[in-house]
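As C-alpha cells, the structure follows; a few thoughts come after it.
If you read the sequence from its start, that first residue is 1, and numbering goes on from there. When a ligand or atom number is given, it counts from 1 through the structure's own listing order.
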Amino acid sequence: MDADALNNISLFERGWLSSNNILLHGGDGEHATLIDSGYVAHAEQTLALVRRGLRAGQTLSRIVNTHLHSDHCGGNAALVRAFGARIAIPPGDADAVAVWDEDRLSYQPTGQRIERFAFDALLRPGEAFSVGTRTWQAYAAPGHDPHSLILFDAASGTLISADALWENGFGVVFPELDGVKAFDEVAATLDLIESLDARWVIPGHGAAFGDVASALQRARSRLAAFVADPSRHARHGIKALAKYHLLEVGSQPLPELLHWFTATPIAGQVWRRLGRPEGSPQAWGESLLRELLAGGAVALRDGTVHNA
Ligand SMILES: [Zn+2]
C-alpha cells in the first residue's frame, strides 16, 4: 500500500468483536467523520481512539454507519454524548431504529447487546458526502445485510467495504439464516466491487489491503461452496455467532455455553430449518463446538471454553 493511500484517514483496526473504525479527517476548519463505531462493550476504547485520532481544533461532527449490526454501531450513543456527533444511517433500517425494534435490528435474535441511539440523517445509495478533499459515494451492497452500504472515493480508488468484502471472505449472509435467499445478492455485490476497480480496500474487519482481485477470487470461491451446500453456510453462521458470543464473555463453562444454543433465537431457528440435526439445539451446538475446537477457534480447558 503506498503512503498516500490512507492520506487523511485514520484506520483503527479493532478485531472481530468490534468493527474497524475509520476516521475521515476534514480540511482546515472542517470536522471529522467516523465510519462505524464498534461494539458497545468497547465503547470507551472507541471514544479514546477517536479522541487521540482527532487533530487539533477538530471534533467529531458525524458518524456514518455502513450497516447496523451490533459490532458497527455499538459506540454511537457514547460518541454522541462525547462529541454531539450527528448520525447518518442507511435508509433500510430507519423505521426499525426510530421505534427501536431490537428484533428487526437483529440484536434480540442474536443475543447481542447495544445501546439505543437515534439517527439524524439518512445516507441513501447513490448519495455522496465529502470530507476534506475526498468524496465518498454510497452504493447499496446487499448480501451480508440487506441494507448495507459500501463507500467509494473514486478519485483515490479507496473503497470502504464494510462486511461485503474482507481480505479473506465476507460476513455471514444473515438473510440466509432467516430463510431468505441472498447468495445472489452477495455475488452481485462482489460484481459491483469489481466494477469499481478499487485500488485499496478498507474492510469492516482486518487490515486494509491492495490486492483486490485476489480477495474477490477468494470471496467468490467461498460463496460457491456455500451455494453448493447452504447448510454449510448455516452451520458456519451459527459457529461465527457462538464464537462472537465467546469473544464478548471471554470464556464460559461448557454447559452454559451449550445453553447459548438453546437460548439464542437465531440458533434454534437455524436448527429447525436444518431439520433438527442431533435431536436438540444443545446436542447440535455440541457438534458445532467440536468443529470450532477442531479448527482451533476455541479451546476447552477444565470444562471451560475459551477463545483460542
Ligand atoms: Zn455486519
Query raised in the report: Among the protein atoms near the Zn ion (ligand 1), how many are N, O or S and lie under 2.8 Å away?
Result: 4
**Report entry** Under 3.5 Å side-chain donor-acceptor pair for Gln252 and His245
**Finding:** yes
Atom pairs and distances, donor-acceptor, side-chain atoms in residues 175-186, under 3.5 Å, two or more places apart:
{"from": "Glu176", "atom 1": "OE2", "to": "Ala182", "atom 2": "N", "distance (Å)": "2.6"}
{"from": "Glu176", "atom 1": "OE2", "to": "Phe183", "atom 2": "N", "distance (Å)": "3.3"}
{"from": "Asp178", "atom 1": "OD1", "to": "Gln269", "atom 2": "NE2", "distance (Å)": "2.8"}

**Report entry** Parallel, tilted or perpendicular, as decided by the 30° and 60° cut-offs, for the rings of His233 and His236
**Finding:** tilted
Query raised in the report: Under 4.0 Å between a Lys/Arg side-chain N and an Asp/Glu carboxylate O for Glu248 and Arg113?
Result: yes
Query - Heavy-atom pair with the smallest gap, counting every atom of Ile238 and Trp284 - result: CG1-CH2, 3.8 Å
Requested in this report: Determine, for Asp191 against Arg220, whether the closest basic-nitrogen to carboxylate-oxygen distance falls under 4.0 angstrom.
Outcome: yes
